[in-house]
Amino acid sequence: MPRNLLSRTSSTLSVVTWNVNSLRARLDHVVRFLREKSPSIVLLQETKVQDDAFPSDPLADLGYNIAKFGQKSYNGTAILSKAPLEEVEKGLPTLGDDQEARYLEAFTSGVRVASIYVPNGEAVGHTKFHNKERFFTALKDHLATSLRQEEPLIWGGDYNVAPTDADVYDPKVWRERILCSTPERTWLRSLLTQGLVDPLDQTPEAGQCNPFTWWDYRTRGFDYDRGLRIDHLLLSPWAANRLQKAWVEKNVRGWNKPSDHAPVMLSLTY
DNA sequence: ATGGTGGCGATGCCA
């Protein structure tokens, strides 16, 4: 056998998406998590900080390059990578110049990644619900363009949709409510029918749930494990074929003064 | 229980 095959090494790329619900309020948690898990690429949502106030130093000290797309008080996305970040794009092409800071994209480590924060929608039929539909339409249009480039894609973020009843602690309580309604599930599924793969959308056995990623503060949902799976890492076929595993870092939701979301991680062989 | 808690920023808005 040729020596170059015997000596060929493969490496692992790890990616995490995490809605931190304020990067400044969660900075200690983020630093602790990055120290413990050392992910290659980090996709953050709800940073809630303008770019000139972004706490770059403690993250750069851990070896990360940083791309940020923030705004005052609300929303905000960021990408951290141990490799250089190239071709950083802020916002979705069809949403105009004054759009909220909900989509950030970059090319790094041979992968095109996006950090995505889909509007919550407030309630089915609400004005904000229609904004949510427009955002998904813009995602879908941009995905069609991106898939044509034939680059590996990893689209991570808070999609604010639980794909099926297996992603909800009590589907009867949440039936046709915001995050779980049939239209929202159709909008999310349209990204999958275009070719993205959701590695945590396991076919559940009877009575089994997929792992939750969000537990409501207001109902003390984490105390009773009343959660939903609304944060997702979606992969193009190239990336999906190289998947080692995907999981939810549920323990982080149990730390002191946590975000209401847990990090979602995956590893790839490449 | 039609509420609850939490972040921002200074009050209500957003989730």
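What you see below is based on every heavy atom in this structure, not just the backbone, and it leaves out hydrogens, waters and symmetry mates. Because the structure is a prediction, the values reported are computed rather than measured. Below, chain A is the first sequence line, B the second, and so on; all start at residue 1.
We find that CD of A:Q45 is positioned 16 Å from C1' of B:dG7, with the value rounded to whole Å. Distance OH (A:Y74) to P (B:dA15): 8 Å, rounded to an integer number of Å. Between A:D216 atom CG and B:dT5 atom C1' there is a gap of 8 Å when expressed in whole angstrom units. Rounded to an integer number of Å, the gap from CZ of A:R26 to C1' of B:dT5 is 12 Å.
Of the side-chain N and O atoms in A:K48, none sit less than 4.0 angstrom from OP1 or OP2 of B:dC14. Taking only side-chain nitrogens and oxygens, A:R220 never comes nearer than 4.0 Å to OP1 or OP2 of B:dG3. Not one side-chain nitrogen or oxygen of A:T219 sits closer than 4.0 Å to the OP1 or OP2 atom of B:dG4. Considering only side-chain N and O atoms, A:K128 lies under 4.0 angstrom from the phosphate OP1 or OP2 of B:dA15.
Here A:R102 lies in heavy-atom contact (under 4.0 Å) with sugar-phosphate atoms only.
The aromatic rings of A:W187 and A:F129 sit tilted, their planes meeting at an angle between 30° and 60°.
Separating the P atom of B:dG7 from that of B:dG3 is a span of 22 Å, rounded to the nearest Å. Taking atom C1' in both B:dA1 and B:dG12, the straight-line distance is 23 Å, to the nearest Å.
Nearer the 5' end of DNA chain B, as judged by each residue's closest nucleotide, is the contact made by A:T47, out of A:Y117 and A:T47.
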